[in-house]
> 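One structure coming up, written as structure tokens, with questions to follow.
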Amino acid sequence: MESSSKNELSKVYEPGINEPKISKIWEDADAFKPAGDPAKEPFCVIMPPPNANGTLHAGHLMYTIEDIAIRQARMQGRPTLWLPGTDHAGIETQYVYEKELAKQGQSRFDLGPDEFYKQVMAFTKKHQASALSGFKSMGFSADWSKLKFTLDEDIIDVVYDVFISLHSDGHVYRGNRIVNWCPRCQAAFPDIETEHIDRDDAMYTLDYGTVQIATTRPETIFADSAVAVNPKDHNYELLVGKTATIPLVDRAIPIIADSYVDPQAGTGALKVTPAHDKNDYEIGQRHSLPEISVVDEEGKMINVPQEFAGLEVLEARKAVVKALDSAGKLVSTEPLTHSIAIHDRCSTPIELIISEQWFLRVKELNQPVIDAIEKDEVSFYPTRYKRNALNWLNQEHDWCISRPGWWGIRIPVYYKTSNDPAKDAYLIAKTEAEAVEYYGAGNYRTETDTFDTWFSSSQWPYATLMTSGKGDFEQFYPTTLMATAHEILHKWVTRMIMFGLYTTKQVPFKNVYLWGTVTDEKGQKLSKSKGNYEDPMAITAEYGTDALRMALSIGITAGNNGAIYNEKIQGYRNFCNKLWNVARFVLAKVPPGTDPSKAELLSPADHWVINKINSAIKSVTRDIESYHFSEAGQTIYTLLWNDIADKYIEYSKQSPNYALLAYCLDTILRLAHPFAPFITEAIWQSTMWTDSNLISEHWPNIIHKSSTAQAKQFEIEIIKVVSANQQDANKVEALKLRRELAAKQNQLKLTAAKLNNSSFVANAPSAIVKAEKARSKQAEQTIKDLEVEIEKLESS
RNA sequence: GGGUGAUUAGCUCAGUUGGCUAGAGCGCUUCGUUUACACCGAAGAUGUCGGGGGUUCGAGUCCCUCAUCACCCACCA
């Protein structure tokens, strides 16, 4: 740091001044690039690509978890790559940009596909830049030079190759199927991209002549192909094989038997509308019923009597009900609250229609995924998501992968045109030239649909590493850790495993860490629309990025929601300041030329603090390696504040061991660096015993052995030391020691009771019994020591 | 309808294969301090670990059951 010479730190840590300087030091040193010892196991994280259509949200802050893992691995000397990227987010981005256009009274149709694509690209690049600068200011040490985007040409090429291969292996098909259709987006979506909301509607009972039919969708009666009843339903058994009559149009339809029908539901007779209901579609398939569409892609009525044609679904419902009523065919109307499907991005009610789309047959492709997960070739944190993933994989339906968007990766298909467009053969080719080369000259039209954005992003781990630089794939695939939000386990994580296994024969990551939702103190999800989401930049400006990072990683555990609020962040700001001041104290006292690695243990206090540090090194190392970030952070917090600051430094004021003091600071900086990279690096830059950058320094090892007996001795001494400045010090101490004594006596009683319990001695593992005996002996000794101490104090 | 999670101090939450006297931060009470730090220190109060049952020498931790809340999937004639 240029402004202050080494060894002199300002009184209060100022994140706003330090953070940009530290970022620059890392950048200049190229510290985020993979380095490390090639003999060691590589560590690689592929960053979940944020959607490049808006500013960062609270979930993105959780990437802190990945940075902690990455920074530890880097310090452990492993070749370490955190590969960043962004996602074009297909339909979603298109929707966001169309809203922008609408503000200026325009629609995408005013621009046309090419101009629209150009504008959305510019829009996306703008947001990408702001997302990246947000990530950088969070201290995320990803290798930004390798940044990938889902619309990069080389990525698209990988996606195309995989599609072509899937097609030739028979996993891809094109067909007319019933799909969830969003009339607003004019696109089909799989179930997983729909949500359900409750709506107040009505249940109408209609007169079909021979039977009565209950329905919530009277406007679809014109699409009925049959009436179905349960074959075991005696009320209707005589009617099977006869006909019912659709009111208003007086069309006769067969009455069929199908065991799907629930005799208890509605009237027990079901109108079968294969073109607009999933279950009816299945029934229709079983009985070869005609599929009559009455709702088109814009959500308007077609193939219906003139008076209803062109109406929107809900208007049509009103009109049909009115007509039924005046025709005397409406038996009853009852209010009903039921849930309806909406598109999760734009909240438009979903229509079920039959549409020609591209599908991926998932059953076969999922089987290797199920096997791999069952064999624990990938570990889930928390483990319960293993079962969750398996449940989903076992029941996933074929995945509709085509979207009629203008913003995305065009499906690499051409149609050789003929006189009848319905008969045009489709041909798989990346470009028209390729199509001509393979299939001969002719008139070609291109497929206009694009891939579902998850189709490309689910290939992210290998697609990025194959294109990020020479040797990256060989060195870093399969990757070490995939950490992302739990709500995209099905949409993304399981599909990445599926594509990974299909394309590379390997699970693309060894560990999956799923975080929960970031909430406020009341458990409400943080969101701008709810007004409880503060711009992280404002938080970091006030409290420092390190404080925010600690608030995000401590007290929040895998799979659970975590609350984040000002008081919590403030608490970790205080921690940072504590660390800063410990450094100020140590750096002001330690004489030049001190080498912390050559420190010697001289006093019981020295043994005590080394004892604390050694066990902290052990547990922090283990906890980060096993993704228990919260535990690791807690340990560091306690070590710095309770052990080093409150006890060892207080003791040092009387009887200093400077080299060891320096060692304490040195070690705590290393341990805390993954959590609080900025402040630890800022202090590191001011230490006089090194000129390196902390980010590239080695992870702490245990280098001093401490004596437990001496450490214990200090436990008693410390009470005297820290209260030495108090008035009535002796009295306070004696009181405190008496309390300690009572606790010890109680402990002795409990241990004695245990040891007297013959079944405990007989059944408990010998190590536990041994430990209990040792504890008992120790308690006896401590009680003696304390009694002596108290005697001394009270007599003086 | 099926599933998962949560329930631990006033609040927000830790507690990794069952094993030291159940913890932390914030808040609260009392006292103190100004050359590391009021973004501070010392001392303190607060818990039938949601209820009930079981397994075990030993349960916050494992099993069963009930309750409340949250989420996910499916269905909704």
Side-chain angles (χ1 to χ4, degrees), chain A residues 9 11-13 191-192 196 203-205 213-217 228 261-262 264-271 277-280 336-340 382 384-385 387-388 391-392 395 486-487 489-490 516-517 519-523 543 547 554-557 559-565 567-568 570-589 622-623 626-628 630-631 633-634 637-638 642 645-646 649-650 653 722-723 725-727 732 735-736 739 743-744 746-747 750-751 754 757-765 767-769 771-772 774-775 778-779:
Chain A
L9 302 174
K11 194 168 177 184
V12 173
Y13 174 63
D191 291 344
I192 199 163
H196 290 84
M203 167 87 79
Y204 305 94
T205 306
I213 298 288
T215 181
T216 54
R217 303 207 53 187
V261 179
D262 175 2
Q264 306 304 319
T267 63
L270 174 71
K271 75 196 237 351
D277 182 285
K278 270 180 220 170
N279 293 308
D280 292 8
L336 171 79
T337 304
H338 66 155
S339 75
I340 58 155
R384 64 173 184 268
Y385 284 109
R387 212 169 338 144
N388 190 324
N391 287 346
W392 162 253
Q395 58 108 62
H486 69 138
E487 67 247 29
L489 171 65
H490 303 151
T517 311
T519 70
D520 66 11
E521 207 170 354
K522 293 177 197 127
Y543 298 116
I554 301 174
I556 299 182
T557 46
N560 297 326
N561 292 352
I564 188 124
Y565 43 91
E567 290 79 2
K568 186 175 181 189
Q570 203 176 322
Y572 293 111
R573 187 271 315 262
N574 294 355
F575 171 85
C576 289
N577 194 55
K578 184 53 104 173
L579 177 58
W580 187 255
N581 276 289
V582 164
R584 282 182 67 214
F585 177 84
V586 174
L587 296 178
K589 304 275 183 194
R622 189 197 54 208
D623 285 338
S626 60
Y627 312 118
H628 291 107
S630 180
E631 281 286 283
Q634 288 274 11
Y637 188 103
T638 307
N642 298 10
D646 290 347
I649 284 190
E650 286 310 311
K653 287 175 180 171
V722 293
S723 45
N725 299 328
Q726 311 262 332
Q727 301 167 340
V732 173
L735 257 174
K736 208 169 156 185
R739 215 172 291 129
K744 280 288 166 197
N746 189 36
Q747 185 190 341
L750 286 168
T751 6
K754 256 189 180 176
N757 181 341
S758 56
S759 60
F760 169 74
V761 179
N763 295 317
I768 300 285
V769 177
E772 204 68 28
R775 199 171 301 133
Q778 227 169 54

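Worth knowing before you read on, the calculation uses all heavy atoms, side chains too, and leaves out hydrogens, waters and symmetry mates. In this text the structure is predicted, and so the values were computed from the model without any measurement. Naming: A, B, ... by sequence-line order, numbering from 1 per chain.
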> Can you tell me the Watson-Crick or wobble partner of A70(B), both distances under 3.5 angstrom?
U4(B)
> Taking the side chain of Asp646(A) as its heavy atoms from C-beta onward, which of A14(B), A42(B), C76(B) lies nearest to it?
A42(B)
> Starting from P on G25(B), measure out to OH on Tyr565(A) and report it in whole angstrom.
13 Å
> Side-chain N or O of Thr216(A) versus OP1/OP2 of A77(B): is the shortest distance under 4.0 Å?
yes
> Identify the two heavy atoms, one from Asn560(A) and one from Ile556(A), that lie closest to each other, and give their separation to 0.1 Å.
O-CG2, 4.2 Å
> What is the base-pairing partner of U35(B), counting Watson-Crick and G-U wobble geometry with both distances under 3.5 Å?
none
> Which whole number of Å gives the distance between the P atom of G15(B) and that of G1(B)?
33 Å
> Roughly how many Å apart are C28(B) and C37(B), using the C1' atom of each and rounding to a whole number?
23 Å
> How would you label the contact of Pro765(A) with the nucleic acid (heavy atoms, under 4.0 Å): base, sugar-phosphate, or nothing?
base
> Searching all strands shown, indicate the nucleotide that pairs with U48(B) (Watson-Crick or G-U wobble; both distances under 3.5 Å).
none
> Could you give the CG-to-C1' distance, from Asn391(A) to C71(B), as a whole number of Å?
15 Å
> What distance, rounded to whole Å, do you find between the two C1' atoms, one in U8(B) and one in A43(B)?
25 Å
> With C1' as the reference atom in both, quote the distance from C62(B) to C26(B) in angstrom, rounded to an integer.
33 Å
> I want to verify a distance call: between G19(B), A36(B), C57(B), whose nearest atom is closest to the Ile768(A) side chain?
G19(B)
> Would you mind classifying the nucleic acid contact of Asn757(A) as base, sugar-phosphate or nothing, using non-hydrogen atoms under 4.0 angstrom?
sugar-phosphate
> Report which part of the nucleic acid Tyr572(A) touches: base, sugar-phosphate, or nothing (heavy-atom distance under 4.0 Å, all strands).
nothing
> Rounded to whole angstrom units, what separation is found between the NZ atom of Lys754(A) and the P atom of G18(B)?
15 Å
> Base, sugar-phosphate, or nothing for Ala645(A), non-hydrogen atoms under 4.0 angstrom?
base
> Given Trp392(A) and Leu489(A), is the side chain to side chain contact (heavy atoms under 4.5 Å, CB included) satisfied, shown in steps?
CA-CA 9 Å; Trp392(A) 162 253; Leu489(A) 171 65; over 6 Å; no
> Any side-chain N or O of Lys278(A) under 4.0 Å from OP1/OP2 of A74(B)?
no
> Determine the interatomic distance between C1' on C13(B) and the same-named atom on C49(B); round to the nearest Å.
13 Å
> Here's a test of your reading of the structure: between Val761(A) and Gly559(A), which maps to the more 5' nucleotide of RNA chain B?
Gly559(A)
> By the 4.0 Å heavy-atom rule, please label Thr557(A) as base, sugar-phosphate, or nothing.
sugar-phosphate
> C76(B) C1' sits how many Å from Asp191(A) CG, rounded?
14 Å
> Between atom CG of Asn763(A) and atom OG of Ser758(A), what is the distance when rounded to the nearest 0.5 Å?
9.0 Å
> Categorize Ile649(A) for me: base, sugar-phosphate, or nothing, with a 4.0 angstrom heavy-atom threshold over every strand shown.
base
> Hunt down the Watson-Crick or G-U wobble partner of C26(B), both distances under 3.5 Å, from any strand shown, or write none.
G10(B)
> Taking NE2 from His490(A) and P from C73(B), how many angstroms apart are they, rounded to a whole number?
8 Å
> With rounding to the nearest 0.5 Å, note down the distance linking OH in Tyr572(A) to CD1 in Ile554(A).
4.0 Å
> Please report the interatomic distance CG(Leu579(A)) to OH(Tyr637(A)), rounded to the nearest 0.5 Å.
12.0 Å
> It should be established whether Arg387(A) places a side-chain nitrogen or oxygen under 4.0 Å from OP1 or OP2 of nucleotide U4(B).
yes
> Choose from C57(B), C37(B), A77(B) the nucleotide whose nearest atom is closest to any side-chain atom of His338(A).
A77(B)
> Could you tell me the separation between the CG atom of Asn574(A) and the P atom of C37(B), rounded to a whole number of Å?
15 Å
> Using a cut-off of 4.0 Å on non-hydrogen atoms, how would the nucleic acid contact of Lys568(A) be classed: base, sugar-phosphate, or nothing?
nothing
> Report which part of the nucleic acid Glu631(A) touches: base, sugar-phosphate, or nothing (heavy-atom distance under 4.0 Å, all strands).
base
> Starting at the 5' end of RNA chain B and moving along, which residue's nearest nucleotide shows up first, Gly562(A) or Cys576(A)?
Gly562(A)
> Please report the distance separating the C1' of C63(B) from the corresponding atom of C73(B), rounded so that it comes out in whole Å.
26 Å
> What is the pairing partner of C57(B), taking Watson-Crick or G-U wobble pairs with both distances under 3.5 Å in any strand?
G19(B)
> Distance from Lys589(A) atom NZ to Ile649(A) atom CD1, nearest 0.5 Å?
10.0 Å
> Testing the basics here: between Thr517(A) and Asn561(A), what is the closest heavy-atom pair and its distance to 0.1 Å?
N-OD1, 2.9 Å
> For a quick test of reading the model, state the closest non-hydrogen atom pair linking Asp262(A) to Gln264(A) and the distance between them.
OD1-N, 2.9 Å
> Side chain of Arg384(A) only, please: which of A77(B), A36(B), G5(B) is the nearest?
G5(B)
> Report the distance from atom CD of Glu650(A) to atom P of A36(B), rounded to the nearest whole Å.
9 Å
> Picking from C76(B), U16(B), C26(B), which would you name as closest to the side chain of Glu567(A)?
C26(B)
> Would you mind telling me which of C39(B), U16(B), A24(B) lies closest to the side-chain atoms of Gln634(A)?
A24(B)
> Could you go over nucleotides 45-49 of chain B and give all protein N or O partners under 3.5 Å, atom names and distances?
none

> Are Asn561(A) and C13(B) close enough that a side-chain N or O sits under 4.0 Å from OP1 or OP2?
no
> Under 4.0 Å, heavy atoms only, any strand: does Ala563(A) hit a base, just the sugar-phosphate, or nothing?
sugar-phosphate
> Both distances below 3.5 Å, Watson-Crick or wobble geometry, any strand: find the nucleotide opposite C76(B).
none
> Counting side-chain heavy atoms from C-beta on, which of G19(B), C73(B), A36(B) comes nearest to Phe760(A)?
G19(B)
> Without decimals, in angstroms, what is the distance between Asn560(A) CG and C72(B) P?
15 Å
> From C-beta outward on Asn763(A), which listed nucleotide comes closest to its side chain: G25(B), C57(B), A36(B)?
C57(B)
> Looking only at atom C1', what distance separates U35(B) and C40(B), rounded to whole Å?
14 Å
> May I ask you to decide if Gly555(A)'s main-chain N or O and Ser630(A)'s side chain share a donor-acceptor pair within less than 3.5 Å?
yes
> Give me the distance, rounded to whole Å, that separates U29(B) from U46(B) when you measure between the P atoms they each carry.
16 Å
> Indicate the atoms forming the closest heavy-atom contact of Tyr13(A) with Asn577(A), along with that distance.
N-OD1, 3.6 Å
> At under 4.0 Å between heavy atoms, what does Gly571(A) touch on the DNA or RNA strands: base, sugar-phosphate, or nothing?
nothing
